[in-house]
Amino acid sequence: MKQSEIKRRAEKFCADYGIDSYPVEIVRICNENGLKVFEEYLDPDVSGLIVVDESPWPKYGTNQFILVNLMESAVRRRFTIAHELAHYILHRNESRLFAHRDMTADGASISSMEQEANYFAANVLMPEKLVREKVEDMRNGIWSKIPDFVLIREIADYFVVSESAAEVRLKQIGII
């Protein structure tokens, strides 16, 4: 799927769910989509997973849920939840279970479906328009030239995401 299509779908998703203030209440949005969110300790190489099954899993009492790894930071878990929700929105007809890993076990880059889910999640948690507005506000304030590391930290704090997610997003939209 092209990035322009993913961005369009993410913008429509935000409009449909009235997402116009940040940080996004991602767990509430999952619940509104019939997805419960659970946190527990998982294998260190798994950030999270989504299950959409025909019958409920007894441990969770539901057949549709997202499970995120408590070993990761709160901001990382937020992104993982948005990423797994993206799989539900973009790929639910293709598979019933997705386990999110940054890299495959052999160190190869992530699949196109994982990249699509990352891009959708970034567009929901950090919409381009709002990122640009925040950067412009910062540049019109006391900072006319903001060092990249400060810009990354401020965007991460404002949108409640990790600094690495903020850096990737700022690069995606050509700000840094």
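All heavy atoms count here, side chains included; hydrogens, waters and symmetry mates do not.
A side chain to side chain contact (heavy atoms under 4.5 Å, CB included) with S47 is found for one member of N69, T80, V68 and no other, namely T80. N123 pairs with exactly one of E128, R169, Q3 by the side-chain hydrogen bond (donor to acceptor under 3.5 Å, both in side chains) rule, that one being R169.
If you chain together hydrophobic residues whose side chains sit under 4.5 Å apart, V75 and F149 never meet in one group. Under the 4.5 Å side-chain heavy-atom criterion for grouping Ile, Leu, Val, Met, Phe, Trp and Tyr, Y119 is not connected to V168 through any hydrophobic cluster. Linking ILVMFWY residues whenever their side-chain heavy atoms come closer than 4.5 Å, directly or via other members, places F79 and F13 in the same cluster. When hydrophobic clusters are built by joining Ile, Leu, Val, Met, Phe, Trp and Tyr residues whose side-chain heavy atoms come closer than 4.5 Å, directly or via intermediates, I81 is not grouped with M71. Note: the hydrophobic cluster containing V161 also contains V27 (ILVMFWY, side chain heavy atoms under 4.5 Å, direct or indirect links).
Residues G61 and P56 approach most closely at C-CB, 4.2 Å, considering heavy atoms. Here the closest non-hydrogen pair linking V37 and C30 is CG2-CB, 3.8 Å. When all heavy atoms are compared, the tightest approach of A86 to A121 is CB-N, 4.3 Å. Residue E116 comes nearest to I6 through the heavy atom pair CG-CD1, 3.5 Å, listed as atom of the first residue, atom of the second, then distance. Contact between S162 and A165 at its shortest, heavy atoms only, is OG-N, 3.0 Å.
Rounding to the nearest 0.5 Å gives a distance of 7.5 Å between CZ of R139 and NZ of K145. Here I29 contributes atom CD1 and I26 contributes atom CD1; the two are 5.0 Å apart, rounded to the nearest 0.5 Å. Atom CD1 of residue I155 and atom CE of residue M126 lie 9.0 Å apart, to the nearest 0.5 angstrom. Here the CG atom belonging to L170 is positioned 9.5 Å from the CD atom belonging to Q172, to the nearest 0.5 angstrom. Interatomic distance, F38 CZ to F65 CZ, rounded to the nearest 0.5 Å: 7.0 Å. With rounding to the nearest 0.5 Å, the separation of CG in L70 from OH in Y41 is 5.0 Å.
Under the 4.0 Å criterion applied to side-chain N and carboxylate O atoms, R132 and E136 are not assigned as salt-bridge partners.
Using a 4.5 Å cut-off on side-chain heavy atoms (C-beta onward), I50 and Q64 make no contact. Side-chain contact between N63 and E54 is absent, with no heavy-atom pair separated by less than 4.5 Å. Between L125 and F159 there is no side-chain heavy-atom pair separated by less than 4.5 Å. Taking the side chain as every heavy atom from C-beta outward, L67 and W57 never approach each other to under 4.5 Å. Under the 4.5 Å side-chain criterion, counting only non-hydrogen atoms from C-beta, V160 is not in contact with Y22. Between Y17 and V124 there is no side-chain heavy-atom pair separated by less than 4.5 Å.
Under a cutoff of 6.0 Å and an axis angle of 45°, R92 and Y88 form a cation-pi pair.
Ring-plane geometry between H91 and H87 is classed as tilted, the angle between the planes lying from 30 to 60 degrees on a 0 to 90 degree scale.
Side chains of E40 and Y60: a donor on one and an acceptor on the other come within 3.5 Å.
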